[in-house]
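Here the structure is laid out as structure tokens; the discussion comes afterwards.
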Amino acid sequence: MTNNALPEHGQPWDALEARMREMAQGDVKWRDGRTGLYIFNAGEDVARVKKAAYAMFSEENGLGPAAFPSIAQMERDVVSFGLALLNAPAGAAGAMTSGGTDSIVMAVKAARDHARAKRGLTAGLNIVAPTTVHPAFDKAGMMMDIEIRRVPVKDFLADPAAMEAAIDSNTLMIVGSAPCFPFGLIDPIEALGELAERKKVWLHVDACVGGYIAPFVRMNGVDLPPFDFAIAGVSSISGDLHKYGYASKGASTVFFRTQEMRDCMTFDAGPWPLGRMVTPTLAGTRPGGAIAAAWAVTQFLGVEGYREKQRQVTEARAKIEMGVAKLGFRVLGAPQLGIISFAHEKADALALYAKMHHRGWFTAALIDPKALHLMLSPKHNDVAHEYLADLEASLAEVLGGATDQMTARYAH
Ligand SMILES: *Cc1c(COP(=O)(O)O)cnc(C)c1O
């Protein structure tokens, strides 16, 4: 037996809770707003609701709608809310999944089965997407033997003309993001929709990180380009509840323009000794807690609550945008939501990243092009000035360091 084996005697919760708190000591200080990645901190009120709802239904299983009509109802409510938010036409349909990757893989599966049925496409399929789309598409491609053709972007946005040139008769799907994760920019979905209609291919809009913020930012008066089902060529959209929906982790949504498209996602598997197993998505067991928490948070916030939380996010982004510009950074593109990337001509982004990490900030960085990256939450509106002060100090260190190195080089 190794030291890691299960203990012979169980331990009381009090002792375990203390040990778990101790384990969390080394985690990033996300409650203070010092992460720009992984966490969507909408404050204590939302946190209380999602935890309580999750705990209340943590044993229930979304696999069994007949056994748990409660969970089935909550999923229907959440899906209807998302469809309405994304301007879905009558007859559109959707489902909850465990996350953005799950939603994307399921959309690709639906598109593939739809193309098999409608276009007779069988093997050698490809998906045409800008370089900025999430690697979830590559994962789907690996699983379903579909080539992912990444096409260079223009001014950080999907380039419809270049994408058109990459489309051939085996193209199953084209993709745009609303927004893409690297730059937080909404691709020209209208032009992609026109392209999809002309080429008769499926257009998926990856709104994993935008689906539950962009509609509210628009309601708050920001002039966003169209990106949802309002564009006729859009076949499916992914939107993550566990991002700017502020739900507990393990909750996303995938939407389809028609029920027929949605039905292409269904797995009808077996038979085995229990007969056939029919599930809307890949999952068997589905966490009642994640569905319940998503339902509770959406009901708790309502349109007004979301508008206020998302206003805090865009306000934080505007503060940081102004602050970094003052420090001499260049913002990549013109972000309108909660993600921002920026680079400094004279300071190496990865050196800055290291300095900021040392000051307790856990964020992302881009390597191509090199830039700092932030994904902001309502909480960041309280700490934007701290971030900027630390960035100013880090920048001075990096620039000073560069000068020192240069002096040293010239001294030889
Ligand atoms: C987060 C994200 C995904 C993947 O979602 P997960 O929930 O992490 O699986 C896909 N696309 C975009 C644009 C994202 O931001």
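Both counts, for ligands and for their atoms, begin at 1 and track the order of listing. We're numbering straight along the sequence, starting at 1.
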Starting from atom 8 (O) of ligand 1, find the nearest protein heavy-atom neighbour and note its residue, name and distance. Lys243 NZ, 4.2 Å
Salt bridge Asp390-Arg34, side-chain N to carboxylate O under 4.0 Å: yes
Taking all non-hydrogen atoms of both residues into account, name the closest pair between Val313 and Gly338 and its distance. CG1-CA, 3.6 Å
Tell me the protein heavy atom at minimum distance from atom 9 (O) of ligand 1, and give that distance in Å. Thr101 OG1, 2.6 Å
Looking only at non-hydrogen atoms, find the nearest pair between Ile237 and Ala207 and report the distance. CG2-CB, 3.8 Å
Ile291 and Gly62: which non-hydrogen atoms are nearest, and at how many Å? CD1-CA, 4.4 Å
Does the distance from a Lys or Arg side-chain N to an Asp or Glu carboxylate O, for Arg218 and Asp223, drop under 4.0 Å? no
May I ask you to decide whether Arg359 forms a salt bridge with Glu397, counting only side-chain N to carboxylate O separations under 4.0 Å? yes
May I ask you to check whether Asp240 has an N/O atom sitting below 3.5 Å from an N/O atom of ligand 1? yes
Ranked by distance from atom 13 (C) of ligand 1, the top protein heavy atom is Asp206 OD2, 3.3 Å
N or O pair under 3.5 Å between Gly100 and ligand 1: yes
So for Cys208 against ligand 1, with non-hydrogen atoms under 4.0 Å, the contacting part is side chain
Pairs of nitrogen or oxygen atoms closer than 3.5 Å, one from His134 and one from ligand 1: do any exist? no
A student checking ligand 1 against Gly99 at a 4.0 Å heavy-atom cut-off should list atoms 7 (O)
Any atoms of ligand 1 less than 4.0 Å from a non-hydrogen atom of Phe181? List them with their elements. 15 (O)
If you measure from each non-hydrogen atom of Ile104 to ligand 1, which part falls under 4.0 Å: side chain, backbone, both or neither? side chain
So, do Tyr306 and Tyr212 have ring centers that fall under 6.0 Å from each other? no
